[in-house]
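Being a predicted model, the structure only gives us computed values, none of them experimental. Labels below follow one simple rule: chain letters A, B, ... track the order of the sequence lines, proteins then strands, and each chain is numbered from 1.
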Amino acid sequence: MEVKYDYDLLVIGSGPGGYVAAIRASQLGLKTAVIEKDKPGGVCLNVGCIPSKALINQAEVFRNSRILEDMGIKLDKTDFDYSKVFKKSRKAANTLARGIEYLLKKNNIDLIKGKGFIESPNQVLVGDDKRFTAKNIIIATGSRPREIPGFAIDEDTVLSSTGALMLEKLPKDIIILGAGAIGIEFAHILNAFGVEVHVVEIMDSILPFEDREITAILQKSLKKRGIKLYTSTKAVSMDKMDNNRVSVTLEDSKGDRFEKEVEKVLVAVGRTPNTEGIGLENLGIETDRGFVPVGDYYQTKVQGVFAIGDIVNSPLLAHVASKEGEIAVEFIAGLNPEPRIDINTIPSAVYCEPQIASFGYTEEKAKAEGVSYKKAVFPYRGAGKSVAIEKSEGMVKLLYHPSTSEILGAHIVGAEATELIHELLLAKWGELLPEDIATMIHAHPTLAEAVMEAARSAEGWAIHF
Amino acid sequence: MAEQVLMIALSPTMEMGTISKWEKKEGDRVESGEVLCQVETDKAVMDYESIQEGVLLKILVNEGEQASIGTPIAIIGEEGEDIGELLVSIKADDDNQKISYDDHKEEIQSRDMQKEVVSDMNSLPKGDRIIASPLARRLAEQRGIDLATIKGSGPRGRIIKRDIVSYTEPVPSTARHKIIRPGAKDQIIPVSPKRAIIAQRLAESKFSAPHYYLRLKVRTDDFMKARKSLNQTLEQGVSVNAFLIKFVAEAIKRHPIINSTWQNDTILRHGSIDIGLAVAQTDGLITPVVRDCGSKGIIEIESDLKELISKALDNKLTPEEYSGATFTISNLGSFGIEEFTAIINPPASAILAVGKMEPQPVVTNGNNIEVQTLMTLTLSCDHRVIDGAVGAAFLKDLKDIIENPIKALY
């Protein structure tokens with residue numbers, strides 16, 4: 001006799017991995033519930049992508065108020081109140097979190113509030129005494145900010161990205177440890193509102209996994225804005241001082257130490273998967289550096305148990321988690337999804353001014369792996385629109401295979417880069433070639449013309465360069 | 001009165017002509033019958049002789065440009081004549097031609113035909129479109145793969161890169177060329193891993209190492225006599241192959257370049273003379289290797305060989321025992337083969353093919369006919385490592401040693 005379960009699928013965690021998996025499951029006719037200990041939407045909606053974009057948008061309005069001054073309008077900034085900026089970001093987060101609740105309800109998905117703990121491959125304990133059974137379980141418990149020794153996060157003086165988002169008052173100055181996407185975005189926000197920003201990065205470049213030709217442009221721009229960048233520099237220790245300030249000891253690549261005194265420290269050195277205290281031991285699943293080992297369809301070694309998102313060893317990005325959730329659910333539902341995401345088709349996006357967006361091979365990675373490539377670049381200033389809207393800083397860079405012209409990677413730095421990347425990514429996804437983009441008519445005047453011109457440049461016939 | 005000079009048909013099949021050279025300049029006087037310009041037709045370069053007289057007022061088609069029959073290429077008239085009106089009317093005619101769709105009909109049709117040829121390469125019945133990504137199309141074109149033979153694995157059966165990359169040439173099916181053959185049915189034999197390795201290694205050797213062959217006959221009477229007398233003193237006799245291995249090792253000592261491996265940018269000269277002997281097995285072929293033959297005596301070689309051959313026949317050789325020969329011997333004499341050529345067994349650069357020993361009539365120095373036992377040796381060499389003269393000198397010394405076994409002691 002077949003065992004009767006409460007659900008076909010239980011999803012633990014309602015972040016962009018979990019809620020998307022749940023909705024997809026419901027679409028495919030699975031009876032589904034989501035377990036969430038906090039607000040629906042996970043880090044992304046509540047203390048990640050969404051509120052940070054709300055802050056960035058306001059930061060850019062504030063920063064670009066000089067354009068009004070260029071028109072002769074005198075701005076009186078004395079009543080500027082950052083807590084209002086903060087509140088707006090919470091409003092965005094809360095609106096979308098409610099939106100997730102609505103979407104779950106609309107898809108007849110039960111939202112179970114409480115902390116999930118897996119007791120067996122088919123049973124999850126929620127809270128102290130509620131138990132739910134399911135034929136399949138997807139673990140999507142996400143990640144939390146990673147800490148580094150000597151910089152214990154107290155969310156008062158030493159902040160994580162969560163604490164930085166929850167600031168209601170701006171500090172006078174701040175040290176940001178880590179020049180990855182999170183560190184750079186906060187540097188952008190805080191600098192725009194007038195905070196003195198120091199960014200410390202242990203590797204030799206900001207955004208170390210992006211293409212160096214691209215990051216060089218951003219680096220120049222950030223420096224011009226007065227953001228202090230310390231690359232190849234290590235944060236050694238910190239001392240709290242009596243005046244509510246901290247003194248941070250830094251060490252450069254030569255081993256020379258120096259001190260910087262600031263009001264706050266933001267630790268943005270990456271994230272750690274949430275794989276403790278969720279009952280993996282009851283399944284006999286051992287983690288690998290904190291990550292859950294999974295197969296091509298994100299199945300764990302335990303039949304019926306899947307793991308997606310930040311707890312598996314793939315890029316810790318919301319859109320990766322969502323896609324992994326879709327693949328796992330389609331597999332559970334008996335469909336035949338494309339297995340395992342091809343890492344070269346995952347876009348990354350950094351929201352600062354100028355923006356950076358990319359996918360696939362960088363020149364550095366291609367060289368390291370011995371992949372032969374050719375490159376084509378086109379500067380933003382060659383597209384009329386960029387000059388007209390005063391966003392002429394930037395470039396589109398395309399790496400392609402020397403004999404087949406297969407797109408190997410694309411990198412954009414400049415205004416709207418995070419939107420523009422998708423034309424190139426669709427080309428990569430659909431196995432189109434640069435000539436397909438080169439010959440397609442692009443509306444004039446648009447920034448997308450720079451993408452077309454980069455493709456034409458690969459074909460040897462860029463018009464405006 | 002100014003007149004147009006028209007392009008004329010200078011050959012029966014000419015439709016267009018290219019002005020290769022103007023013999024007259026604007027302002028020059030032109031007599032009837034004088035060469036005005038040279039025109040390159042579809043066949044040859046021809047002189048254009050003027051049928052008009054006057055002054056060449058204007059050249060309309062420059063050197064290197066084309067003109068079709070009946071179109072003006074120049075204007076001839078009286079000196080100082082106003083040709084403005086004539087030029088305007090010529091230009092108007094020209095413009096009309098440019099916008100006239102009908103005039104381009106043929107050209108368009110011919111291009112359409114080209115397109116059809118391209119799509120024909122997909123060898124599809126009309127109306128059936130092959131859905132393939134542009135990258136897959138390019139890869140298929142570069143690899144000469146017919147898209148129509150491929151089943152797509154992308155969305156809705158689209159042919160994508162991986163389908164081309166994983167494509168293997170189909171075995172010509174009997175369905176396509178139906179040949180009715182009486183008798184037993186064909187059999188498909190799966191390839192064993194060993195067969196796959198033999199196939200791959202030998203094909204690689206034959207296709208990448210430029211082989212050449214040297215052949216000579218060797219008199220074996222003295223060698224067989226020596227073997228007989230040695231074997232009389234031993235409980236276990238020494239085989240012909242053990243002798244051959246010893247002789248080859250001695251010859252290699254005199255020509256160490258034979259004992260080398262081509263490594264693209266360097267040549268590796270091996271310190272040890274490791275000689276492999278090709279041994280036939282029921283399911284293939286293996287070459288057990290006798291190590292360091294240069295410093296071993298004939299009895300030691302024989303005892304190594306015996307052990308290796310028995311292991312080979314039982315399929316019990318370890319990789320250390322059958323790989324890395326620096327020279328190989330293949331002896332098909334026992335099958336009655338008179339002579340043959342062998343494929344070099346890498347990493348060796350040469351292989352010796354040994355035929356059967358056979359009494360043959362030989363014309364001796366004194367013009368007498370004598371019966372001698374002869375054996376044909378064929379040496380295959382990798383020319384990248386061993387030049388012809390080097391291979392020949394080695395083979396000559398080997399012959400010398402076999403014919404006078406005492407020389408192995410030198």
Side-chain angles (χ1 to χ4, degrees), chain A residues 24 296-297 323 326-327 330-331 335-345 359-361 366 369-374 376 398-410 423-441 451-452 454-456 458-460, chain B residues 101 104 107-124 128-170 204 207-208 263-266:
Chain A
R24 187 77 189 106
D296 281 352
Y297 300 95
K323 179 44 90 182
E326 291 165 21
I327 293 171
E330 288 176 10
F331 180 77
L335 302 184
N336 189 20
E338 282 288 317
R340 197 172 275 278
I341 300 171
D342 172 4
I343 189 131
N344 289 317
T345 61
F359 64 83
Y361 279 96
E369 292 184 14
V371 172
S372 45
Y373 66 92
K374 281 169 85 174
L398 203 53
L399 300 186
Y400 57 99
H401 191 274
S403 69
T404 63
S405 294
E406 176 179 8
I407 296 171
L408 300 173
E423 177 181 2
L424 289 161
L425 186 54
L426 177 64
K428 167 79 180 165
W429 190 256
E431 295 186 354
L432 302 181
L433 300 169
E435 65 184 42
D436 296 303
I437 297 172
T439 52
M440 186 182 98
I441 302 170
V451 173
M452 171 179 73
R456 289 179 165 194
E459 294 289 308
Chain B
Y101 176 81
H104 286 160
E107 171 67 7
I108 290 166
Q109 272 170 352
S110 96
R111 289 192 195 178
D112 280 351
M113 267 159 66
Q114 280 174 7
K115 276 187 203 155
E116 252 169 63
V117 170
V118 170
S119 64
D120 256 8
M121 294 198 307
N122 298 333
S123 66
L124 261 191
D128 247 350
R129 197 178 141 220
I130 294 181
I131 311 290
S133 77
L135 177 59
R137 281 184 196 279
R138 177 158 301 171
L139 282 166
E141 191 188 316
Q142 286 179 352
R143 298 177 183 205
I145 295 170
D146 180 1
L147 284 173
T149 63
I150 291 186
K151 196 170 173 292
S153 69
R156 291 170 199 266
R158 182 193 306 163
I159 298 170
I160 58 177
K161 178 186 173 187
R162 68 165 167 237
D163 302 319
I164 308 293
V165 171
S166 65
Y167 173 81
T168 46
E169 202 73 40
E204 193 184 309
F207 299 150
S208 66
Q263 302 194 121
N264 294 317
D265 44 3
T266 54

Fill in: Residues which pass side-chain hydrogen bond (donor to acceptor under 3.5 Å, both in side chains) with A/Lys428, listed by chain and number, not counting sequence neighbours
none
Item to complete: With sequence neighbours excluded, give me every salt bridge (charged side-chain N to carboxylate O under 4.0 Å, His left out) pair touching residues 430-439 of chain A.
Response: A/Glu435-B/Arg138
Fill in: Pairing residues for A/Tyr373 by the ring-ring contact (aromatic ring centres under 6.0 Å, His included) criterion, not counting sequence neighbours
none
Worksheet entry | Any residue of residues 336-344 of chain A which, by heavy atoms, sits under 4.5 Å from chain B | A/Glu338
Worksheet item: Which atom pair, heavy atoms only, marks the closest approach of B/Ala136 to B/Ile159?
Response: CB-O, 3.5 Å
Worksheet item: Do we see a donor-acceptor contact under 3.5 Å between the side chains of A/Tyr361 and A/Glu369?
Response: yes
Discussion item. Is B/Ile160 close to chain A through its backbone or its side chain, or both, or neither, when contacts mean heavy atoms under 4.5 Å?
Written reply: both
Worksheet entry | Donor-acceptor under 3.5 Å (A/Glu423 side chain, A/Ile437 main chain) | no
